[in-house]
Amino acid sequence: MTPARDPAHLKDLIPSAVAGTARATETTPERLLRHAAVLGLRGRAGLLPDAVRSEVQPGYRDERPAASPGATTILQAILAQSDASLVREWVRLADGAGVRVPPRQGPALLDALSTPTFENLAAAQSGDANIAAALSRVLDETGTWLAALRPKWRALVSGAALPTNLDEAWSSGTLAQRREILRTLISVDASRAVATISSTWSADGSDARRDFIKILSEKPDLAYEPLLEPALDDRSKQVRELAATLLARTRGTKLRARMNERIRDMTTVTRERRSVTITLSPPKTFPKDYARDWIEEQADSGRGHRAWWLEQVFSAADLSFHADHTGLDPAAFLEAIKDDDFFGAALAGLAAAAGHQPDASWASVLVPHLLAGKKPRVELAQHVLDALPASESEPLRLHAAAQESLPRESALPLLHTLNAPWSHPFSVATLDLLERHPPKYSFLIDDLLKRVSSRCSPTLADRFEQMVNTVSAGKPTPSLTKSIERLRLRSQLHKEFSA
Amino acid sequence: MEVWTQERALSLAPDAASASAGQSLAAPKKWTLIARSDRALWGLCQGSGKDPYQARIDLSEPAFKCSCPSRKFPCKHGLGLLLLFAKGPEAFKAQPEPGWVEEWLASRSQRAEKKVERAKEIAEKPPDPAARAKRLAQRDARVEEGVATCRVWLHDLMRSGLGHAQTLDHAEFDRFAARMVDAQAPGLATFIRAIPSQLSSGSGWEARTLDHLGRIHLLLEAASRLAVLPEDLASDVRTTLGYSQSREDALAGPSTKDTWLVVAQVMEDDDRVRVRRTWLLGATTGTRALILDFAVGVQPFDPSLIGGTEFEGELAFYPGRLRQRALVKSRGDLREISSDRFLSPAPGAAPLALDDSIPAMLEGYARALAANPWTPQWPCFVRNSRLAPVGDAWHLIDGLGHSLPISTHAPAGGPFWQIVAAGAGHPGVTLAEWDGRWITPSGLAADDSARPSRGRQTA
């Protein structure tokens, strides 16, 4: 038997080590461990580095000056609270001031905005191009270089990148991957989105078809019509419903034109010397062509079928059609139908239409009508107001909330639901109302004041704190304390950037 | 007086909530009084209680004290006061120290004096060397029994093979590790507990596990020869076995005066105890020293060592062949340093003793292993290097194209992405740790002005 040669490398020991020395007769545990000790140490001491190459090119020099130490400290505090709406506010103000985020805060800032929270997903879906553009300016060269390193960061700046081989990825991807691709597509090119969906439409299952239309609904576009109009005859009920709803929400579609014609058929305009009266007469039997445009035949119990048909037609028609057809402005139009039996249904239909066709002149006459009477329809009114840009919505909300006939508990939601930074007067009015008619203490109040603290004018931080103390009888919950701190932080932030 | 930046003040916050709360208190109108002396800051802050809270800061450490009931340390008032000072020191007028500040400072310095006295006593009157030797011999004997048990266990493991070891429950290793703790060899226990993670470390696990077991074997061999090993090596073996090192031993040993740069800090979360390794570099002597700090739970680390600063001072080194672990014997004020400190030597000064390349760093590591084969981490201050991704894996790449892999744990937490952002792919001095397999980055000193501009034409 020849004496075993000493092993030269750790890997020479592996077979007997894995099998165990009980089976490998040429060595003993002692001998194996001694060799492992020597060879392991030799390997570590004599390690030669690798030589890898990285394809990533270094970033360019930043163009903007870095944010001031004060603004940076505030950003750190905001990031520590992981409050994405405050982060977005910082970004907007920093963009206005022409400064960039210091590199060390870049990763945390990108993380705060890309964590898949409900709020961030909503912000991403709203497709606010302004904040994306502001973000890339504030990130500057270093930040955009950094963001490109991770897909979830990259999507914030440039939108998710389309796969290089789109056809391949679309036709063989999982449903989740295809949804992502479609989201990206609709943000860059609506026609291409339709062409891509159409390429596999006939082979796709109803789940996929439904999901695709849902995604298209996030950003209505007339370019989708060639896909959606035939989808009104789809095998799947859900697909038909989604297609009809989306067509009704899109300006210029054939479906809307059909709805306009239906209104023409059910309205009779009578002009007397001074006044105009419009008689509403929905069809007596359910027209066959209604069903295809997803007008439901059966009303909920307690409602008339004809009123329900009329409401649906009004909700899917163009608001502007009424003036074209009758020559009346919104106020005069409502005046002309207000004594009709179908007025309630028409009002609900018009409000639904105004919920996706932002129009300040319609909103300004619809909202008072909706809030009048014994049963104010606050949610419908909010729906109408939510569709408008903040600058148009604010005065209407203030006016509506001041209506004497409105119960106070219904007035507050009209104000605090405004989903945008509030102007100073609007903030003052909201705090006034809160102070005079504080909501009864409940779990809702935490949420309400959180909302107020992130939208209210930051100059009102002191007053807000007083109000919270009054409302909570001097014992604010942790969530209320956080709201006070949030507004304080915003106040510091605005001061820092206005200095 | 020391210069404080807001960033440095915020680094003392025990958690994010405190940082944020401190931030909101860093406004003059929150305070009914703010003032300072040469050595301290103090202020009165109206909280929810009847009397305002008395916050005071001893700037030499810094140390905090406040009359509020918060269990956080430092509390938001202390932090807010320091932040306010960092924002605008001129708002703090120099005043004679009021009683509540003076008394506190006096009691602090009394305590400090007592400490010094005690250290002096110990230094002058070392405890009975015979008794000490006896205690050590007792422990050595205990450990030797444990080592013998461990050798049998390890041999059994090798006899049945690593393939079999992979099928064992992790709890088996933990149970045996617990026996090593009972045998007063907690360091050995740590090695045992780490075996399962080597066994399940994916492709190449066989060589990694063998290397690890070889290290344990070497430790067992050395542990049974403690009596005949040279004193410094015996001390390294004992430390690796888990004997704690005493401050007194360090203070009794040699010390080094220098300008010390706080170069890199790496935190590690054990189950209960968090460990912070702070690497210092002597500007003149080129000595690399390691300060270990331990903190339990949410307790903050000793706030007196802050990355990106330097101080004149004297370090005392614990016994051991490398003379690497140290404690701060005395120090002057911390001064902020900028990246330039690493990139170009101060006029008339010698350049810092950094690593010129990855092979140069590895050479230092090899020398360290030759002195102490269980050296767990090695400081890595590589000039002209950068962090760069290759696919999903990150590497440290030096100017000559040499590379080492970055710990896969790094991107998940710690300062990894901040370092990447600070460098934007350009080379600088990368400050990191090397453990024989992975690089753990801690900082980067780079010159932004050297970057090329994109040269946009549009406004």
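Proteins come first, then strands; the chains are lettered A, B, ... in the order of their sequence lines, and each starts at number 1. Side chains included, hydrogens not; waters and symmetry mates left out as well; all remaining heavy atoms used.
Residue A:A17 touches chain B through both its backbone and its side chain, counting heavy-atom pairs closer than 4.5 Å. Contacts between A:Q105 and chain B at a heavy-atom distance below 4.5 Å involve the side chain alone, from C-beta outward. Looking at A:R53, the atoms closer than 4.5 Å to chain B (heavy atoms on both sides) all sit in the backbone: N, CA, C or O. Using a 4.5 Å cut-off between heavy atoms, B:W378 does not touch chain A at all. With a 4.5 angstrom heavy-atom cutoff, B:T209 does not touch chain A via any of its atoms. If you measure heavy-atom distances from B:I397 to chain A, the contacts under 4.5 Å come from the side chain alone. Of the two parts of A:L32, only the side chain, counted from C-beta on, holds a non-hydrogen atom closer than 4.5 Å to a non-hydrogen atom of chain B. For B:L25, no part sits under 4.5 Å from any heavy atom of chain A, backbone or side chain. Heavy atoms closer than 4.5 Å to chain A are found nowhere in B:W374, neither backbone nor side chain.
Heavy-atom pairs under 4.5 Å with chain B peak, among A:L146, A:T73, A:V56, at A:T73. Looking only at heavy-atom pairs under 4.5 Å with chain B, the residue among A:G143, A:A36, A:A80, A:P49 that has the most is A:P49. Per-residue heavy-atom pair counts under 4.5 Å with chain A were compared for B:H426, B:R437, B:H402, and the maximum is reached by B:H426. Heavy-atom pairs under 4.5 Å with chain A were tallied for B:P427, B:A165, B:P373, B:P389; the largest tally goes to B:P389. Of the listed residues (A:Q492, A:E485, A:E30), the one with the most heavy-atom contacts under 4.5 Å to chain B is A:E30. Highest contact tally toward chain A, considering only B:A421, B:A366, B:G161, B:S403, is held by B:S403 [criterion: heavy-atom pairs under 4.5 Å]. Ranked by heavy-atom pairs under 4.5 Å with chain A, the list B:R151, B:R386, B:Q418 is led by B:Q418. Comparing B:L213, B:D398, B:D392, B:L210 by how many heavy-atom pairs each has under 4.5 Å with chain A, the most go to B:L210. Taking A:L47, A:L10, A:V52 one by one and counting their heavy-atom pairs under 4.5 Å with chain B, the maximum is reached by A:V52.
Identified by a heavy-atom distance below 4.5 Å to chain B, the contributing residues of residues 39-46 of chain A are A:G40, A:L41, A:R44, A:A45, in residue-number order.
Taking each heavy atom of B:S385 and B:L444 in turn, the nearest pair found is O-CD1, 4.3 Å.
In this structure, A:T481 OG1 and A:L449 CG are separated by 11.0 Å, a value rounded to the nearest 0.5 Å.
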### Message
Is there a side chain to side chain contact (heavy atoms under 4.5 Å, CB included) between A:R150 and A:L110? Walk through the geometry before answering.
### Response
CA-CA 10 Å; A:R150 303 179 86 181; A:L110 289 166; over 6 Å; no

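Checked by atom type, the side-chain pair A:T459/A:S457 shows a donor-acceptor distance below 3.5 Å. Under the 3.5 Å distance criterion, with hydrogens and angles disregarded, no donor-acceptor pair is assigned to the side chains of A:T142 and A:D140.
Partners of A:D462 by side chain to side chain donor-acceptor pair (under 3.5 Å), not counting sequence neighbours, listed by chain and number: A:R488. Residues satisfying the salt bridge (Lys or Arg N to Asp or Glu O under 4.0 Å) criterion with B:E363, sequence neighbours excluded, are B:R367. Remark: B:D356 engages B:R383 in a salt bridge (Lys or Arg N to Asp or Glu O under 4.0 Å) (not counting sequence neighbours).
Below 30°, between 30° and 60°, or above 60°: for B:W434 and B:Y365 the angle between ring planes is above 60°, a perpendicular geometry.
Taking the six-membered ring where the residue is Trp, the centroids of A:Y60 and A:W145 are separated by 6.0 Å or more.
For A:K152, the NZ atom sits in a packed shell: over 12 heavy atoms of surrounding residues, nucleotides or ligands are nearer than 6.0 Å.
Looking at heavy atoms from C-beta onward, A:N469 lies in side-chain contact with A:P476 at the 4.5 angstrom threshold.
Between the side chain of B:R451 and the main chain of A:P58, no donor-acceptor pair closer than 3.5 Å is present. Using modelled atom types, no side-chain atom of B:T167 and backbone atom of B:G163 make a donor-acceptor pair closer than 3.5 Å.
Ion pairing between a basic and an acidic side chain is recognised when a charged N comes within 4.0 Å of a carboxylate O; B:D156 and B:R159 show such pairing.
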